[in-house]
Amino acid sequence: MGHGEPPHGLLHLGSWRSGWGVFDRCCAGLGNMIVSQGRDGLCKGWVIEEAGLSRRPIFTISTSTYHFCKLSLVKVPCSAHGIQSGSSGSNSDTEPHRVLTGENAGSRDVNPAGGTQEYEQGSSSDGQNILAIAGQESSEIELWDIKSSRKVMCLPQRCSANMTVHPTKQRGLCMAVQAFIPCESGGYINVLSSYEDGSTLWWDVRKPGSPLSSVKYHSESALSIAIDGLCTGGISGGADSKIALFSLDHQKGTFSLRNEVEIERPGIASIAIRPDNKITATAGWDHRIRVYNYTKGNALAVLKYHSATCNAVAFSHDCKLMASCSADTTVALWELYPPKTPSKVDIATEEVEK
């Protein structure tokens with residue numbers, strides 16, 4: 001598909017303006033619930049009802065944080081929930097989702113370089129109910145339990161006895177976070193965090209004192225980051241004129257750069273990867289949504305619908321729709337390269353293989 005007019009503008013949701021100060025909302029993995037984030041430091045949960053959202057939030061978390069970093073819910077590999085096969089519910093072979101609670105994470109006796117054993121002895125929370133957000137100290141990341149509205153961890157762990165040099169303060173503000181649970185982590189949460197100096201860090205909650213590794217793919221602030229459907233790689237964008245596609249080596253805990261794509265105009269406010277890892281989309285300061293082949297990095301389309309800065313982009317779990325929103329107060333739905341619908345023969349073959 002070329003770089004002309006937008007393909008299949010499926011639905012325009014009309015003029016829409018969020019309440020003052022609300023700048024992010026997220027619903028991944030929460031079923032019929034959505035979480036909103038405001039500039040007042042509050043994160044609120046809302047139930048999706050037949051007529052819209054509930055009139056009152058079902059929970060409110062006062063993070064006391066004031067910044068421009070969007071929250072992240074925890075992403076799990078698509079195969080763990082049968083997204084690729086179209087089924088719902090979790091795989092019984094999937095590890096439980098764990099994050100260290102504040103008591104264990106904050107203990108001075110914990111050795112951040114230690115193995116898994118001592119962390120198994122501590123209590124844990126369901127990762128599906130955890131959100132990650134930049135902290136009161138704006139270079140740090142906080143993990144909050146949605147059910148209890150309680151902060152359970154700070155990255156880096158402030159009381160680490162081994163911390164001689166603070167690993168994030170010199171990097172400036174935390175601009176983007178992505179929490180996820182790779183299959184290799186035994187169910188423990190990992191976090192990618194991007195910073196004002198263009199760097200990105202990889203954290204594992206079992207070693208909260210320092211990141212597993214760090215890279216610097218951007219010459220200016222790294223503003224957005226997304227991890228793919230298998231949690232084996234991702235893509236980042238920033239205030240410069242490129243996006244970076246990378247892989248994650250879970251055995252070594254390292255990044256490797258797969259591809260760099262130069263863009264015509266600087267500024268990527270948001271990035272999303274479709275759950276089937278086929279395509280990725282960016283929301284740009286130049287009012288454009290750009291679509292790329294996630295594997296190869298080649299451009300597929302430029303969507304010129306919005307008339308102001310594009311703030312966010314997201315894909316539906318069934319891979320059929322993409323949503324984009326803009327400072328022009330509009331939200332648009334798109335039907336882009338819909339996945340092939342499996343035939344009855346394919347479904348029967350899959351059932352036999354199971």
Side-chain angles (χ1 to χ4, degrees), residues 21-24 26 35-44 60-74 99-113 119 122 125 127 129-146 148-180 188-216 218 220-225 236 238-239 269:
V22 176
F23 70 102
D24 193 32
C26 195
V35 180
S36 64
Q37 175 188 2
R39 301 196 197 282
D40 56 2
L42 298 180
C43 295
K44 299 183 179 183
T60 298
I61 299 175
S62 179
T63 65
S64 300
T65 57
Y66 309 96
H67 47 66
F68 294 92
C69 177
K70 297 175 183 177
L71 68 85
S72 168
L73 297 177
V74 178
V99 62
L100 308 180
T101 61
E103 291 83 358
N104 191 23
S107 171
R108 292 183 181 270
D109 297 328
V110 172
N111 175 12
Y119 291 98
S125 300
N129 294 307
I130 297 295
L131 67 82
I133 191 171
Q136 287 180 284
E137 169 56 57
S138 56
S139 67
E140 298 176 351
I141 305 109
E142 295 176 353
L143 301 184
W144 286 76
D145 188 303
I146 291 174
S148 64
S149 299
R150 184 171 62 96
K151 182 166 62 176
V152 295
M153 175 171 280
C154 181
L155 300 172
Q157 181 178 296
R158 296 178 185 175
C159 59
S160 172
N162 290 355
M163 186 186 294
T164 55
V165 178
H166 197 287
T168 60
K169 279 188 177 179
Q170 70 277 17
R171 300 179 188 274
L173 301 176
C174 178
M175 306 300 291
V177 292
Q178 172 69 74
F180 63 105
Y188 285 95
I189 292 174
N190 285 208
V191 180
L192 299 179
S193 55
S194 295
Y195 294 87
E196 194 175 7
D197 70 345
S199 63
T200 298
L201 306 187
W202 180 3
W203 303 87
D204 187 319
V205 297
R206 292 167 293 182
K207 299 180 179 180
S210 60
L212 298 179
S213 61
S214 65
V215 291
K216 189 173 181 180
H218 299 280
E220 298 186 43
S221 297
L223 303 175
S224 53
I225 192 163
S236 67

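Only this structure's heavy atoms are used, side chains among them; waters, hydrogens and symmetry mates stay out.
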| query | Given Lys44 and Gln37, is the side chain to side chain contact (heavy atoms under 4.5 Å, CB included) satisfied, shown in steps? | reply | CA-CA 7 Å; Lys44 299 183 179 183; Gln37 175 188 2; over 6 Å; no
| Going from CD1 on Ile141 to CH2 on Trp203, what distance comes out if it is rounded to the nearest 0.5 angstrom? | 5.5 Å
| query | Quick one: does Leu201's side chain get under 4.5 Å of Leu192's, heavy atoms only? | reply | no
| remark: From the list Ser214, Ser213, Ser194, side chain to side chain donor-acceptor pair (under 3.5 Å) partner of Thr200 resolves to Ser194
| query | What are the two closest non-hydrogen atoms of Leu71 and Cys43, and how far apart are they? | reply | CD2-SG, 3.9 Å
| Distance (rounded to the nearest 0.5 Å) between Lys70 NZ and Ile133 CD1 | 12.5 Å
| field | Side-chain heavy atoms of Glu220 within contact of Glu196, under 4.5 Å | value | no
| remark: Value for NZ (Lys151) from OG (Ser62), rounded to nearest 0.5 Å, stands at 11.0 Å
| remark: For Ile189 and Ala179, the nearest pair of non-hydrogen atoms, with its separation, is CG2-CB, 4.4 Å
| note | Note: Ser236 and His218 closest approach over all heavy atoms is OG-NE2, 2.8 Å
| task | Could you go through the side chain to side chain contact (heavy atoms under 4.5 Å, CB included) check for Leu155 and Glu140 one step at a time? | result | CA-CA 6 Å; Leu155 300 172; Glu140 298 176 351; over 6 Å; no
| query | What are the two closest heavy atoms between Ser149 and Ile61, and how far apart are they? | reply | OG-CG1, 3.7 Å
| request: Please examine the side chains of Met153 and Trp144, heavy atoms only from C-beta on, and report whether any two atoms are closer than 4.5 Å. | output: no
| Contact summary for Val177 and Ser193, nearest pair of heavy atoms | CG1-CB, 4.2 Å
| Taking side chain as C-beta onward, heavy atoms only, is Ser139 less than 4.5 Å from Cys174? | no
| With distance as the sole test, does Glu142 use its side chain to make a donor-acceptor pair with the main-chain N or O of Gln136 at under 3.5 Å? | yes
| said: Could you check whether any side-chain N or O of Gln157 sits under 3.5 Å from a backbone N or O of Gly209, counting only pairs where one atom can act as donor and the other as acceptor? | reply: no
| note | Output for pair (Gln178 CD, Trp202 CH2), nearest 0.5 Å, gives 13.0 Å
| said: Please report the interatomic distance OG(Ser72) to CD1(Ile130), rounded to the nearest 0.5 Å. | reply: 11.5 Å
| query | Residues in side-chain hydrogen bond (donor to acceptor under 3.5 Å, both in side chains) with Ser224, at least two apart? | reply | none
| Sole candidate of Ser138, Pro156, Ser210 that passes side-chain contact (heavy atoms from CB on, under 4.5 Å) when paired with Thr168 | Pro156
| query | CD1 of Ile225 to CE of Met175: how many Å apart, nearest 0.5 Å? | reply | 13.0 Å
| request: List the steps and the verdict of side chain to side chain contact (heavy atoms under 4.5 Å, CB included) for Ile146 and Leu131. | output: CA-CA 7 Å; Ile146 291 174; Leu131 67 82; 4.0 Å; yes
| remark: side-chain hydrogen bond (donor to acceptor under 3.5 Å, both in side chains) filter on Ser199, not counting sequence neighbours, yields Arg171, Asp197
